[in-house]
Amino acid sequence: MTQTLLSAKNVTRRFGGLVAIDNVSVDLDRGQVHAVIGTNGAGKSTLINVLSGEIPPNEGSIIMNGTDITRWPQPNRARAGLGRSYQRTTIFPTLTVHENCRLSAQAKHQKFWSWATPAKNCRISNEAADRALELTGLAEYADHTAGLLSHGGKRQLEIAMCLATHPTVLLLDEPLAGMGAEETDRMLDLLDSLKKEHAILLVEHDMDAVFRISDLITVMVNGTVIAHGDPEAIRTNHEVQTAYLGEDE
Amino acid sequence: EVKVGFMLPYSGTYAQLGEAIENGFKMYVEEQGGKLAGQEVTYFRVDDESNPSKGPDNANRLIKRDNVDILIGTVHSGVAMALAKAATESDVTLIIPNAGAVAITGPLCSKNVFRSSFSNWQPGYAMGVVAAEDGHKKAVTISWNYAAGKESTDGFKEAFEKGGGEVVEHLTLPFPQVEFQPLLTEIASIKPDVVYTFFAGGGAVKFVQDYAAAGLKDQIPLVGAGFLTDGTLKAQGESAQGLRTALHYADGLDNELDKKFRENYSEKYPDLPPDVYAVQGYDAAQMLAAGMEAVDGDVSKKDQMRDAIRNATIKSPRGDFTISKSGNPVQDFYLREVKGMDNVPVKIAVEDLADPSRGCKLM
Amino acid sequence: MHSSIRNFILPLLLFVVTALLPLVTSEYYTALIVKIMIYSLFALSLQLLVGCTGLISLGHAAFFGISAYAVTLLSPQYESGNLLWMLPVSIGIAMVYALITGALSLRTKGVYFIMVTLAFAQMAYYVFHDTKIGGGSDGIYLYVRPEFRIGDWVILNLDNAYVFYMFVLVCLTLTWVFLAMLMRSRFGAALTGILVNEQRMRAAGFSTFGYKLTAYIIASGLGGLAGILYAAKDGYVNPELMNWEQSGLVLLMVILGGMGRLSGAVIGTITLILLQEIFQSQALFGEFAVHWHLTFGLAIIILVALMPKGLIGLPEQLRARRRSSAGSPAAH
Amino acid sequence: MTVLINAQGLNTFYGASHVLFNVNLKIQAGESVGLLGRNGMGKTTLIRTLMGHLRPTSGNIVIRDKDHTRSAPYQVAREGVAYVPEGRGIFPNLNVRENLLVAARSGVNGRNDWNYDRVLETFPRLTERLGHGGQQLSGGEQQMLAIGRALMTNPDILILDEATEGLAPLIVAEIWRIIDTIRKSGVSTLIVDRNFRKVLANTDRCVVLEKGVVVEEKDSATLSKQPELLTRYLGV
Amino acid sequence: MDPVIFLIQCLNAVQYGLLLFLVASGLTLIFGIMGIINLAHGSFYMIGAYMAFALGPLVEQYVGGGFVTTLLACVILSAILGYFLEWAFYSYLYHRDHLQQVLMTYGLILVFEELRSIIIDNDVHGVDTPSWLSGAISLGDIMTYPTYRLFISVVCLVVAGLLYWLLTHTRLGMMIRAGASNRDMINSLGIDINRLFRIVFALGVALAAFAGAIAAPVSSVYPGMGHSILIICFVVVVIGGIGSIKGAFVAAMLIGFVDTFGQVLFPQAAGVLVYVMMAAILLFKPEGLFKQG
Ligand SMILES: Nc1ncnc2c1ncn2[C@@H]1O[C@H](COP(=O)(O)OP(=O)(O)OP(=O)(O)O)[C@@H](O)[C@H]1O
Ligand SMILES: Nc1ncnc2c1ncn2[C@@H]1O[C@H](COP(=O)(O)OP(=O)(O)OP(=O)(O)O)[C@@H](O)[C@H]1O
Ligand SMILES: [Mg+2]
Ligand SMILES: [Mg+2]
């Protein structure tokens with residue numbers, strides 16, 4: 001009884017003459033980690049951008065919980081439960097780590113007419129922020145200025161901010177990049193625990209991690225899907241090996 | 001002791017004019033031995049930057065901070081508006097040594113405000129009379145799209161059409177743009193008998209040069225309010241030769257007072273020409289003197305002093321003039337022609353020309 | 001205890017002292033303080049855009065001027081207009097202009113935004129400069145200061161200098177309090193987020209356009225309020241009030257004071273106006289006062305050179321210098 | 001063997017926070033050194049200090065017998081030190097071709113092993129994108145470009161800070177192969193990478209940083225046989 | 001409009017556009033490419049014009065050269081001035097907020113204007129057209145067109161071409177653009193960015209001054225002349241798309257046409273037309289016509 005939370009149907013996106021994603025369809029189900037892997041420039045980030053509403057697709061449609069959201073602007077999709085992280089760290093560098101998360105969490109409770117109450121007293125947002133920091137292991141850095149974190153720290157914060165909005169669908173663009181071995185482990189455990197309640201799209205180049213955690217894998221090359229299946233099928237797929245994985249070491 | 005406050009442009013486009021006005025004023029006072037009606041004169045000065053939005057504050061520097069008795073200012077019409085308002089509110093006597101905004105001695109006139117110069121309407125009207133007399137029938141006027149330009153060309157139009165001509169087109173360009181070429185082309189396509197223009201300073205220099213360079217000068221006579229060729233001849237060079245303009249002053253008037261004035265001024269300020277601005281400053285001092293004489297130097301008798309100024313006849317280098325009820329000079333306007341570095345008088349265009357001061361309740 | 005002094009007692013004291021100042025200073029300095037307060041209000045409104053939301057506008061004077069003109073044109077010629085309705089209407093006109101131009105200009109970013117706001121302000125400028133609506137380039141008078149009244153009952157007569165002074169002071173204080181609360185609220189937090197990283201805000205679920213437009217309209221309304229006060233102060237309005245140089249001036253005040261903090265706008269305003277005042281003073285500089293642009297310009301250059309974070313950053317800067325004498329990132 | 005870089009007793013601060021504590025680092029010509037440590041331990045800080053982007057409060061940096069403690073980055077770079085920064089530092093407003101050409105320079109003793117064509121041969125993917133702006137590249141493409149650009153300066157030592165981040169496995173393998181070739185051609189390398197196994201396999205020697213202190217400095221081969229140390233310092 | 005007049009107006013438009021481009025080209029370099037918001041650009045234009053006015057007689061007297069020598073002297077002196085200013089003032093601002101530059105350059109405007117008033121004076125001055133260029137070509141039946149204006153146009157085209165080539169086809173151009181987007185990185189590649197920027201800045205100042213000097217015979221020199229040109233230059237750069245020489249060129253031409261025909265066809269709205277056009281363009285192309293990269 002899987003429940004499809006988000007699906008892309010025959011999505012195409014072009015940049016000028018370049019077809020960044022070509023007729024791609026994916027389904028994200030609750031309880032699954034769906035990994036999208038593929039060569040550099042294959043269009044994985046573009047896919048996430050299209051799903052999250054950052055850029056519109058040229059063709060195809062995007063359905064969330066049965067609603068066609070193709071024309072929705074990004075903020076509306078986010079409020080409907082679509083959370084994303086960026087491949088290139090996108091945080092609020094001048095705010096503290098905690099504020100970064102609180103601000104993200106606040107998106108669900110904007111109430112911008114309530115000008116009398118200070119934002120920092122918003123209990124729900126604070127709790128969401130605390131929890132996100134706890135989960136990503138940043139709790140001890142809560143009061144640090146985000147821009148002064150090390151690269152790895154910023155990458156963790158990137159995920160924490162995504163979690164703070166309580167999304168139901170997570171679109172993670174290379175969440176493990178820049179993280180050390182220990183943090184990687186923690187993150188994988190976290191994804192594992194999140195997947196019961198969420199649908200997760202994972203774009204990642206760390207193959208150990210991908211094979212360890214994902215339930216389904218889609219492989220893209222030059223904008224098109226060349227393979228789709230469970231990890232074992234992908235691992236042994238010859239085409240994938242020559243195009244992406246390289247011969248087993 | 002009487003405190004005189006100069007609110008004049010000491011920086012920016014009009015700085016030169018501000019300096020000339022102050023020099024003229026001070027020269028008259030010094031000729032009287034540094035005193036007017038027996039009172040020692042002390043000066044305060046504020047740079048108005050020709051910026052109307054700072055006008056009220058600058059005016060208040062003199063009125064409220066320095067507590068001056070008399071205000072002298074200024075060149076820019078918008079700033080003069082602000083100054084007139086502030087002066088009226090505090091009931092300080094103001095003598096405007098240049099700005100020609102018609103409204104100040106028109107609908108906004110006030111018993112404490114005088115002008116030692118002209119209203120924008122006046123030179124335009126005078127020139128219009130001459131242009132019609134010369135038999136021109138079809139005229140084009142051109143100026144910046146601002147109040148002063150409009151007022152001047154309106155004056156021209158009034159007289160010119162009264163004399164049987166017609167102003168077929170009023171061309172404008174946005175202030176302070178100086179790209180005249182398109183409008184010159186437009187003039188060439190209309191082919192009027194005469195072109196009347198109101199420009200001053202840098203704009204005047206460039207317009208006259210461009211007009212000549214476009215080859216129009218020999219085809220269509222260019223006339224204007226006197227500022228077109230006042231203080232700008234050196235920069236305009238050859239291109240201004242022979243231009244005819246109307247103003248209440250000219251170089252080399254047949255008048256003893258003027259000769260003496262020019263001699264003294266050139267001696268005192270060898271770098272600066274004895275121009276109309278210096279005369280206006282000089283006469284502002286004369287107007288003040290006339291008022292103060294009447295009250296024996298007691299400037300607190302404001303009403304008496306002002307009445308005296310209104311009734312005075314000023315013996316000016318430009319020729320004698322009186323002052324209208326609205327506070328504007330009633331004076332002769334000369335037709336001048338540029339010869340060398342001088343605006344030589346040709347004839348009197350209109351004698352004792354008074355601004356109609358429409359809308360002024362004092363009239 | 002300590003923070004309550006800082007947050008409550010100190011401002012109150014400041015308010016009281018300022019309120020009492022006209023009793024001891026001369027008429028001129030009272031007028032100067034009024035001018036500073038009006039410009040502070042104006043700068044505060046711009047700070048909301050520039051320092052708090054990251055929207056650098058070079059057309060803010062448009063709203064200042066539009067409201068100033070509105071209140072002047074709405075006033076009957078020879079009697080006192082009633083601010084009770086003129087104030088909201090004049091501010092409203094500026095806000096409507098802000099709604100239209102803001103909705104359009106917010107499509108652009110960065111320098112392009114700067115220039116589009118400039119363009120819209122220049123449009124307003126030329127409308128008043130080149131047409132007869134408001135007396136053209138010469139401007140028009142507001143003959144009688146407006147007042148607040150209900151029926152025949154005059155609540156506040158701004159013609160009284162002290163009443164006017166207090167009215168300006170109260171407007172400034174309320175604006176400050178309003179903006180301070182605004183910036184602490186969720187709305188303000190969202191603006192800060194937009195300032196720092198708009199992309200992320202959208203990804204989190206904030207419709208940033210609406211926020212920016214709201215901020216733009218609020219700022220314009222407050223700028224308009226400053227314009228109304230200005231018109232009431234001098235009784236004279238001129239198109240130059242909405243020229244880009246006026247917009248630039250208030251922007252300079254914000255930058256000089258320091259961006260992002262409300263106090264920055266006020267400190268910047270005070271400094272800039274006082275510097276002008278000092279360098280123009282014949283009493284201090286004698287004949288050289290004529291060349292005050294030179295000294296004023298040099299003073300600005302020196303201030304910028306010495307204070308990377310604006311005037312409000314100064315205490316912090318000094319503390320930092322004392323703490324670590326060396327070991328900062330190499331300045332290349 | 002000559003010493004290429006010799007840093008002694010480096011202490012570096014960010015404002016008031018002390019990040020590097022008496023760090024010593026010596027790199028010989030042709031030697032390959034790995035820099036290991038968890039997130040936030042100061043690896044990048046050390047590299048930026050060496051490059052001259054940060055100025056140490058004490059200690060000194062000698063490159064090729066010349067003191068470069070107070071040098072600007074371009075002076076360090078001219079000693080044949082090439083740098084691929086964390087986050088890549090692509091010029092967004094230049095296209096791929098320009099990004100490469102702007103860096104082109106011959107090495108310290110006139111070496112010219114790397115040129116435009118060879119870089120493109122190494123990263124064929126870039127060939128397809130020559131006219132595109134740096135901003136429009138995918139993450140991995142940017143990474144290739146950053147490495148290619150560093151090579152265009154014909155360096156004697158290549159500093160790679162997380163150079164394989166965001167690259168597809170095939171490319172990563174390729175990059176390690178290139179690093180290996182570069183290394184074999186006598187160019188020194190200083191490598192920071194999250195894949196410590198690869199670092200250990202591709203370097204002669206490793207330095208482990210913890211909280212800004214050098215806690216271990218060993219032959220890579222030796223270190224890889226001591227999993228307890230790796231667990232302690234890297235948490236694996 | 002009759003066709004001859006129409007053609008003459010087109011010529012006017014092109015010529016005005018070219019002159020605008022020349023003045024704006026230095027700004028494109030400093031603002032568009034180096035990313036410095038330099039309000040003092042108008043002052044450099046003014047300085048160039050006044051140099052042409054003040055140096056002309058001196059050059060004639062001591063060096064014996066004519067107009068071209070004067071131009072050369074202006075360019076060299078202003079480049080030195082630019083180099084010095086960058087070192088003394090601007091180099092501190094790169095790692096600061098962009099808006100601080102605005103403040104500093106505003107201070108510089110005031111200083112330059114006042115120095116101009118102290119050193120020269122506040123008068124309006126004309127600068128003579130060199131005799132070998134003082135002829136005119138006749139247009140239509142009563143108009144003529146000064147040769148000197150054509151000369152300016154040719155010079156503008158040459159400068160436009162050179163600048164385009166310099167920025168897009170030379171390594172120096174790449175370095176400048178790269179340095180503007182990431183100073184640290186270009187530094188890490190072994191390029192002395194400080195000196196490079198100093199040179200570029202000097203070049204930008206020299207361009208502005210050159211524009212002022214070459215335009216002086218047609219525009220005359222007067223206080224505040226730099227002021228009025230500044231905003232329109234920013235408009236040119238922004239409409240064209242920041243950092244694009246081609247864009248600046250097209251934008252200058254557009255403004256030339258809009259302004260010329262605006263004055264003739266819609267005189268009442270002439271003042272706002274340029275701004276209306278800018279707003280319209282930016283609303284449809286929020287990054288200008290030819291945004292770089
Ligand atoms: N804004 C853009 N304009 C033009 N081309 C773009 C743009 N964004 C991406 N591209 C191109 O589209 C293709 C797909 O890019 P995308 O970022 O989706 O790749 P990716 O699969 O995420 O790669 P990587 O694993 O390297 O991050 C790339 O060739 C890229 O250069
Ligand atoms: N600009 C800065 N200002 C203040 N502190 C900083 C700054 N940059 C980094 N830090 C701090 O310095 C420490 C070392 O950071 P550094 O970037 O050198 O770590 P790293 O070892 O490279 O980590 P990573 O593997 O995550 O890249 C961290 O605690 C970080 O928070
Ligand atoms: Mg990607
Ligand atoms: Mg690092």
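Letters A, B, ... are given to chains in the order of the sequence lines, protein chains preceding strands, and every chain is numbered from 1.
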Toward chain C, the part of E:Met278 with a non-hydrogen atom under 4.5 Å: side chain
Residues in residues 124-136 of chain C near chain E [non-hydrogen atoms, under 4.5 Å]: C:Tyr126, C:Asp130
Heavy-atom pair with the smallest gap, counting every atom of C:His293 and E:Leu110: O-CB, 3.5 Å
CD1-CG distance between C:Ile301 and E:Leu108, expressed to the nearest 0.5 angstrom: 4.0 Å
Which atoms of E:Val235 approach chain C - backbone, side chain, both or neither, heavy atom under 4.5 Å: both
Heavy-atom pairs under 4.5 Å with chain C, option from E:Leu39, E:Ile281, E:Ile118 with the top count: E:Ile118
Residue pairs fulfilling ring-ring contact (aromatic ring centres under 6.0 Å, His included) with at least one residue in residues 299-319 of chain C, sequence neighbours excluded: none
Donor-acceptor contact present, side-chain C:Tyr112 to main-chain E:Ile242, <3.5 Å: yes
Heavy-atom neighbours of E:Phe266 CZ exceed 12 at 6.0 Å: no
Spacing of E:Leu273 atom CG and C:Met123 atom CE [to the nearest 0.5 Å]: 9.5 Å
Least distance between heavy atoms, C:Ile300 atom then E:Leu103 atom: CG2-O, 3.5 Å
Proximal component of E:Gln268, with respect to chain C [non-hydrogen, under 4.5 Å]: both
E:Phe112, part contacting chain C, at a heavy-atom distance under 4.5 Å: neither
Distance in Å, C:Leu118 CG paired with E:Ile231 CD1, rounded so as to fall on 0.5 Å steps: 5.0 Å
Proximity breakdown for C:Ile302 and chain E, heavy-atom pairs closer than 4.5 Å: neither
Sub-4.5 Å side-chain heavy-atom contact between E:Phe234 and C:Ile114: no
Chain C contact via E:Ile109 - side chain, backbone, both or neither, heavy atoms under 4.5 Å: neither
Interface moiety of C:Val50 toward chain E, non-hydrogen atoms closer than 4.5 Å: side chain
Atom group of E:Tyr106 that falls short of 4.5 Å from chain C, counting heavy atoms: side chain
Toward chain C, the part of E:Val276 with a non-hydrogen atom under 4.5 Å: both
Part of C:Met259 within contact of chain E (heavy atom distance under 4.5 Å): side chain
CG on E:Leu230 to CH2 on C:Trp244, rounded to 0.5 Å: 5.0 Å
From CE (E:Met104) to CD1 (C:Ile255), nearest 0.5 Å: 12.0 Å
Chain C contacts, top residue of E:Gln101, E:His227, E:Glu113 (heavy-atom pairs, under 4.5 Å): E:His227
Interface moiety of E:Gln100 toward chain C, non-hydrogen atoms closer than 4.5 Å: both
Gap between atom NZ of C:Lys109 and atom CG of E:Leu282 - 0.5 Å precision: 13.0 Å
